Every structure is written in C-alpha cells, then in structure tokens.
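Data block below; observations after.
Each residue takes its place number in the sequence, starting with 1. Excluded from the calculations below are hydrogen atoms, water molecules and symmetry mates; all remaining heavy atoms, backbone and side chain alike, are included. These figures come from a predicted structure and were not determined experimentally.
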Amino acid sequence: MGKKGKEKKKGRGAEKTAAKMEKKMSKRSRKEEDDLEALIAHFQTLDARKTKITETPCAPPSARLNASLSAHPEKDELILFGGEYFNGQKTFVYNELYTYNIRKDTWTKVEIPGPPPRRCAHQAVVVPQGGGQLWIFGGEFASPDGEQFYHYKDLWVLHLATKTWEQVRSTGGPSGRSGHRMVAWKRQLILFGGFHESARDYVYYNDVYAFSLDTFTWSRLAPSGLGPSPRSGCQMSVTPQGSIMVYGGYSKQRVKKDVDRGTQHSDMFLLKHEEGGEGRWVWTRINPSGARPSPRSGFSVAVTPSQQTVLFGGVCDEEEEESLEGVFFNDLYFYDAAKNRWFAGQLQGPKSEKKKRRRGQAEEPAGADGRELGPAGAPAPLEVVKEVVSEDGTVVTIKQVLQAPGPAAQAPSEEDAGAREASRPRVEPCPRSSAMLAVKHGLLFVYGGMFEAGDRQVTLNDLYCLDLHRMEEWKALVEMDPKTQEWLEETDSDEDSDSARDAEAGDEDQDEDSEEDSGAEPEEPQHPEMAPREQRVDALARTEQHGLKLACDAPEPGAEEGKAPKRA
C-alpha cells in the first residue's frame, strides 16, 4: 500500500513540475511579447516624427529578403516594402517604402506619415480601386538578437493616388501570423495558411479568410472537401477560370523533445467558389502533368500576362541528425491552369548570337521541343541526376546540366568568334530563396533574397529582369558582389584575440625561419679565381669540372619549378 501511494505521489509531482514549467514558459512568452511590443512602440514613435510626404531619389535599397515587391496598377513602377537583413550578429527589420521606375531605371525612397510598423514575411496585394491600393496583412518583427518574434494581425492599405497610409480595423480576422499567402479575388482578399512561433511553441495554419473590399469586413470560410495540410510559404494564385490554386509550402512538426522535422510539400489544390451557393467553397486536390518543380521551399511566385503562374528559385533543405544543409535554385517553372500542366522555363538566347552560330553552317536539326540541338561532334554536357521522394510518394528527378568544356581554340575566324561570343557566361540571378518577384508589361523582375555559403548567410540587393515574351536572356539592372557584404561572426572578440596571438606566433616563426635561412644553407660556391702568374689555358683546364657541375645543376630555360631539370 505504502509503495503504491508513493508512486501515486511521484506521478502528481511530475504533473506539478510540468504545470509549473508550462506556466513559466507562458509567462516568459508573454514577457517576450511585451518587450517586443515596447520596441515596436519605440520605432513607431520615431516614425511619428514624419509629418509630410517626401520623395527622394536614391541608390537601390539595401540588401533584404522576405519583403514585398508589387507592380503599380497604373504606372510603370514597382513598389518595394519592408523586409529583413541579418549580418551575423544583428537582425534588422524595415518598414521603408521604395518605388522603382521601370522606364527610367531609377529608385525613389517615399516617406509617408503614419506607416505600418516594421515587418517582414508579410503579404501585399495590389488592386485597381481608387487609383490603386496596396493592401498589407500580417508579417513578423524579430528582436535584434533574432531570438524573439512578434507576429502581426493588422491590416493596412496604401492609397497610391494620394500617398497615404490607413490602418483598417475590422474584427473576426486571422490571428497573428507570417508566411501566409493572400490574393485578390473579384472584390475580396483571400488569405490562406501561415505560421506563428514563440519561445514556447509554434503552430502552422491551413485556415481560409476573406476580406470584402466593399464592406471592409472579415469572414472565415469553411470550404468542403479535403484541403491542404497546415503550411506556410506556399504558392497561391488565381487561375483564369476563377479558382484559387495552392501549391507546395513548408511546415514542421515536433518529433520528440527539442527535435523537429521539416516537410517540404509538393501537393497541389484548387479552391473553387460554387456557383449559386452564397459563400460556399470547395477544395479539390489535383495532379498536374509536365515537368514539375523539385521539392523546395522559399520559392517566389508571380502571374504572367497570359495568366500562367511563374515560380522562381527556392531551397531544398537536406536535414541530417546534427546538421541542416540547403541546396539553392535559380530555375524557372510555369504552371498553365488551362492545361493543368507544369513546364520548365528555358531561355532561348539572343537571336543575334544564333545567327552568328549559323553563319557558314548547315541548318541544324531541332529537338522534339523545337529548340536547336548542338553541332555534331560537340562534347556532350555532363548531366547530374538526383532523385527526391515527394510528400505524396512521387519520385521527382532533379537534373542539373553542366556544360562540357569546348575544344581547344583554332585559328580565329568569324564563325569561331561568333561561337565564342555565344558561349560566354550567361547573365542570370544566382541561386537564392526568399526573393521578391513581380511582373509588369510582360517583364519579370527578381530582387534580393538570400543564399548560404557555409555558415554565412548572404543577403542580396541585386535586380534582374527577363522578357517573358521572348525568353532570351536575363538582364542585370543592379549587380552585387556578395563578397562586399558585411558579415560579423558571433565570437568576433575571441577570434580577434586568437588572430592576434596567431599573428604574434607567426611573426616569431618568421624570425626563426629567417635566422635559419641565414645560416642553414651554404652559399653557392664562387668560380675559382686564377692563381697568380697562372696561364689562362691552365686555369680553364683546372676549372673545367666546376663549370660542368654548374651547367648540370642549372635548370634549363623555361623549366617549371618543382620538376627535375634536363641534364646537359
């Protein structure tokens, strides 16, 4: 009896400990949110000093990711808002507003009184009402140390015609989140998914909300059918048929204490509004054909003038027990909703270069897809193939084609010069994730994002453009050398002291080496001098062996260092 009661008492003790820990974590989470709210309020106080609208021509914005890039509905402009940047020690979050004039290739910083608080991983949607409006919902603010996060649930609108910010307050909307997706559908904003993370826990969403642009009210939708599992960072766009397409995304779940497992989704769904049914929606899972993108997250999405959805870049995380390594992409994929088909975006190359290649050559046969094949006898490209099993069990093959080196250069000619010109390094955005994408007048723009180089996170501020009608080549509008980016290690002071000690040790070693060098190796023997009153013929005979030795030991002119010299 006593033993049984003791076990029971022990069980109650464990429950009490768990309850205390839960209460402690909850209290800590609330304190962190209070701290972040105080920091956000401080920044808003600084923003409140702006009392008038100013537009200042400027250089391209600083490097950032998880911002929003939107095409102005009436002007030849792109609108960049928010974003984040990490330099290895500190996280910076922005609420800056920039416009990019496409025709003039110029940037302008626009400061408007009463802007939204600083944020990243939000969603921005442009609608044509009232001369153009930019609607922004949610997102997150990170503490400077990157350890705490505050998720917004506010809704803002930027009136583009009057350049004024307005916060729209309406009850019944989504909870605070980031990584969600939002599109304009008829006269509504449709929002799906996202996630919320705190020091205590995290949660991913698959709920759907609609915001009416007429009544300024939120409503939660309850679609029938089996929809997507909870996720963030998915692809969401409106099809020409009026449905809403959702593809891919990322989520993670707790496997055991302090161990999470991430999932990169590759399934696709359609959200349809049922005709005649007021507010009735239905989910349908679809299985598109064609060349589907390999599993990835952090990709960027835009809609082309032909109402196809274009997907760019992203990262595929390969998780091991103790490490996480990412493979970054810079490829393009298009989804045609009318055909329910994916196809890879292939660049054709400038037409002028094609003519140079054809000059003096017979017309080359075309492949099955209409693209030209390489000349006969050219070295075959090296194809690296990797298979990845997607969430639904489908085996997706990732192919990377590495061009083989061409033959040695022959005598210069017009044809060879043209071929060399055509084979010059192609201009294109480097592989990246979390970039900003926008389409205007059939031009696809890619701005910023990030990639990883070892333990270093490289954030970009370059800008590239691609004509989607021609699909010939990328143009670099703003270039960036990743080596110029500031990166501060977490243990800077320790490493500096170590480096100083190493430098001192290196100086001592260098001194020792110089001392050894001064006395270790004997000097090269000088040619024997002629003895007093010695005849020249006798001196040459006496020193003949010395001359032969020098000739044998001396390297032949042009001989490479480290190779045995040819003997005389």
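The number of heavy-atom neighbours closer than 6.0 Å to CZ of R254, taken from other residues, nucleotides and ligands shown, is above 12. Within 6.0 Å of CD on E479 lie no more than 12 heavy atoms contributed by other residues, nucleotides or ligands. For K252, the NZ atom is densely surrounded, since the number of other residues' heavy atoms within 6.0 Å is greater than 12. Environment of NZ in K50: crowded, with over 12 heavy atoms of neighbouring residues, nucleotides or ligands closer than 6.0 Å.
Exactly one residue among F137, F192, Y205 makes a ring-ring contact (aromatic ring centres under 6.0 Å, His included) with H180. That residue is F137.
With a 4.5 Å cut-off on side-chain heavy atoms, S243 and F269 do not count as touching. The shortest distance between side-chain heavy atoms of M268 and M245 falls below 4.5 Å. Contact of the P482 side chain with the F451 side chain is registered, since non-hydrogen atoms from C-beta on lie closer than 4.5 Å.
In this structure, the ring pair (Phe, Tyr, Trp, His ring centres under 6.0 Å) partners of W107, at least two apart in sequence or on a different chain, are Y100, Y447. Taking the ring pair (Phe, Tyr, Trp, His ring centres under 6.0 Å) definition, one finds that Y204 meets it with F195, sequence neighbours left out.
The aromatic ring centroids of Y335 and Y333 lie 6.0 Å or more from each other. A distance of 6.0 Å or more separates the ring centres of W165 and H159. Between F216 and F211, the ring centre distance stays below 6.0 Å.
Judged by distance alone, the side chain of R181 and the main-chain N or O of C234 form a donor-acceptor pair under 3.5 Å. Remark: side-chain polar atoms of K272 are not paired, donor with acceptor, to backbone N or O of W283 under 3.5 angstrom.
Of the charged side-chain nitrogens involved, none lies within less than 4.0 Å of a carboxylate oxygen, so that D336 and R341 do not count as a salt-bridged pair. In summary, R119 and D154 engage in a salt bridge, as defined by a charged side-chain N under 4.0 Å from a carboxylate O. Note on D105 versus K475: no salt bridge recorded, every NZ/NE/NH1/NH2 to OD/OE distance being 4.0 Å or above. Salt-bridge annotation for R296 and D331: present, with a side-chain N of the basic residue lying under 4.0 Å from a carboxylate O of the acidic one.
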*How far apart are the C-alpha atoms of D76 and N101, what are their side-chain angles, what is the distance that settles it, and do they pass the side chain to side chain donor-acceptor pair (under 3.5 Å) test?*
CA-CA 6 Å; D76 294 328; N101 188 300; over 6 Å; no

*Show your reasoning for whether side chain to side chain donor-acceptor pair (under 3.5 Å) applies to T263 and R261.*
CA-CA 7 Å; T263 300; R261 182 180 63 198; 5.0 Å; no

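Among all heavy-atom pairs drawn from N461 and P61, the shortest one is ND2-O, 3.2 Å. The nearest pair of heavy atoms linking G132 to P73 is CA-CG, 3.7 Å.
Below 30°, between 30° and 60°, or above 60°: for F299 and Y247 the angle between ring planes is between 30° and 60°, a tilted geometry. The aromatic rings of W185 and H273 sit tilted, their planes meeting at an angle between 30° and 60°.
Both tests pass for R118 against the ring of F43: distance under 6.0 Å to the centre and angle within 45° of the axis.
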Could you pull out every donor-acceptor pair under 3.5 Å between side chains of residues 217-224 and any protein atom, sequence neighbours left out?
residue	atom	partner	partner atom	Å
T217	OG1	T215	OG1	2.7

